[in-house]
Amino acid sequence: MRVIVLGSAAGGGAPQWNCACAVCLDGRADRTQDTVAVSGDGTVWYLINAGPDIRSQILRTPDLAPGPGLRQTPVRGVLLTTAELDHTLGLLSLREAVRLEVYATAAVTEALAPVRSMLGHYTDLRWRAMPVRLDGGLDLDRLTVGRKRPRYAADLDGADWVSALRLTDRRTGSSFVYATCLPAWTAEFDAFVAGADQVLLDGTFATEDELTRATGRPGSASSMGHLPMASSRVHAARHPGTRFRYGHVNNTNPSTADVVADGSELLTS
Ligand code: MLT
Ligand code: MN
Ligand code: ZN
């Protein structure tokens, strides 16, 4: 299995266009918005989410280059873990696809009704429930980790709003967990990551009060559905055989050694 981080930032990217916080101003922040590419055979690729930067992310990733057919792409489908705009706006930028396969839960599917109706006029859109097997030799497990709805979908019901995904290579047994929106480390989540080789965790905020301290804006990490890294590191330490790293990094969050960069390869076998 191969796993490439196409983008490592939370919504807004880093730097964020209207933010003058210390991290945005220091000039080193350079992150596009959270999207990951996975493949079991190095030929067929799936995107985990489709953020607003998807076009430039695909263009700078040689494994995702089109061909040899004139409109052939290695991108076989998109797996959505939330309906948030920073995970889904890129779907509209994939409208040139001859055919687009999108996999999502019932709640995410319902919330994205306007996007589905627009996209259906541009491409042969196949919208399905999350599969358990992916082309290229991967198995997929999904766990609902949160019920936080996007702000634009606040009046909708549903339960399976925020998912973690576990991908397992059927040939080598290697496994990768994607959980960049994780409100809490539950017993179910602990079992879900047990024995995984690599985990990409929620790196939105380093601490509970980061956003307010850095920008003066209201909102704790937990109130926004994001377990801070200071808490998840304690849980991760109970799994010494698993490598934990952080993605979906907010622009206020100064990088540490366990935070991934755009273009990072997390797993190569
Ligand atoms: C989140 O990760 O909590 C959302 O993307 C927030 C947002 O869209 O503002
Ligand atoms: Mn987000
Ligand atoms: Zn900032």
Side-chain angles (χ1 to χ4, degrees), residues 5-36 47-54 57 78-93 104-105 107-108 111-112 114-115 144-156 158 160-165 178-185 189 200-229 231-232 246-256 259-260 262:
V5 176
L6 301 184
S8 57
Q16 181 174 301
W17 66 278
N18 64 340
C19 188
C21 79
V23 179
C24 286
L25 288 185
D26 94 350
R28 276 173 298 178
D30 185 14
R31 300 181 183 279
T32 61
Q33 291 159 91
D34 180 30
T35 295
V36 165
L47 302 178
I48 303 181
N49 297 314
D53 304 305
I54 194 67
Q57 290 168 340
V78 182
L79 309 163
L80 297 178
T81 65
T82 76
E84 299 285 356
L85 295 178
D86 62 333
H87 280 158
T88 58
L89 279 176
L91 292 172
L92 295 172
S93 295
T105 63
V108 169
L112 291 170
V115 170
T144 297
V145 292
R147 302 175 73 110
K148 193 190 103 181
R149 288 154 295 173
R151 282 186 257 181
Y152 71 83
D155 55 343
L156 294 183
D160 45 5
W161 283 104
V162 184
S163 300
L165 302 180
Y178 173 97
T180 66
C181 289
L182 185 69
W185 196 296
F189 184 72
L200 189 65
L201 280 177
D202 188 334
T204 313
F205 299 114
T207 60
E208 184 68 0
D209 62 350
E210 175 186 312
L211 185 71
T212 305
R213 276 200 291 121
T215 68
R217 301 280 303 154
S220 65
S222 310
S223 74
M224 299 172 77
H226 299 292
L227 186 69
M229 291 164 63
S231 301
S232 56
Y246 290 91
H248 192 273
V249 179
N250 197 54
N251 65 77
T252 50
N253 187 352
S255 280
T256 44
V259 164
V260 298
D262 285 21

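Scope of the values below: all heavy atoms of this structure, side chains included, with no hydrogens, waters or symmetry mates. Just follow the structure's listing: the first ligand is 1, and inside any ligand the first atom is 1.
The side-chain contact (heavy atoms from CB on, under 4.5 Å) test with L47 singles out one residue from L80, I54, V36, and that residue is I54.
Rounding to 10 degrees, one finds that the Zn ion (ligand 3) sits at the corner of an angle of 120° between C24 SG and C19 SG.
When atom types are taken as modelled, the side chain of E210 and the backbone of A206 share a donor-acceptor pair closer than 3.5 angstrom. At distances below 3.5 Å, not a single donor-acceptor pair connects side-chain atoms of D202 with backbone N or O atoms of H226. Not one N or O on the side chain of D34 forms a donor-acceptor pair closer than 3.5 Å with the backbone of H248. Judged by distance alone, the side chain of T180 and the main-chain N or O of L201 form no donor-acceptor pair under 3.5 Å. Not a single donor-acceptor pair under 3.5 Å links the side chain of Q33 to the backbone N or O of H87.
Per-residue contacts place M224 under 4.0 angstrom from the following atoms of ligand 1 (heavy atoms of the residue considered): 3 (O). Near R151, with a cut-off below 4.0 Å to any heavy atom, the atoms of ligand 1 are 9 (O).
Within the coordination shell of the Mn ion (ligand 2), defined by N, O or S atoms under 2.8 Å, H248 is present. For N251, the nearest N, O or S atom to the Zn ion (ligand 3) falls under 2.8 Å. Taking 2.8 Å as the criterion, E84 does not count as a coordinating residue of the Mn ion (ligand 2), since none of its N, O or S atoms falls below it.
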Show, in sequence, the C-alpha distance, side-chain angles and deciding distance for T144 and D160, and conclude whether the side chain to side chain donor-acceptor pair (under 3.5 Å) test is met. CA-CA 6 Å; T144 297; D160 45 5; 5.4 Å; no
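Distance from atom 5 (O) of ligand 1 to its nearest protein heavy atom, with residue and atom name: D86 OD1, 2.8 Å.
Atom OD2 is the N, O or S atom of D86 at the shortest distance from the Mn ion (ligand 2).
Judged by the shortest distance from any of its heavy atoms, L85 lies outside the 4.0 Å radius around the atoms of ligand 1.
Here the shortest heavy-atom distance to atom 3 (O) of ligand 1, taken over H226, E84, H248, belongs to H226.
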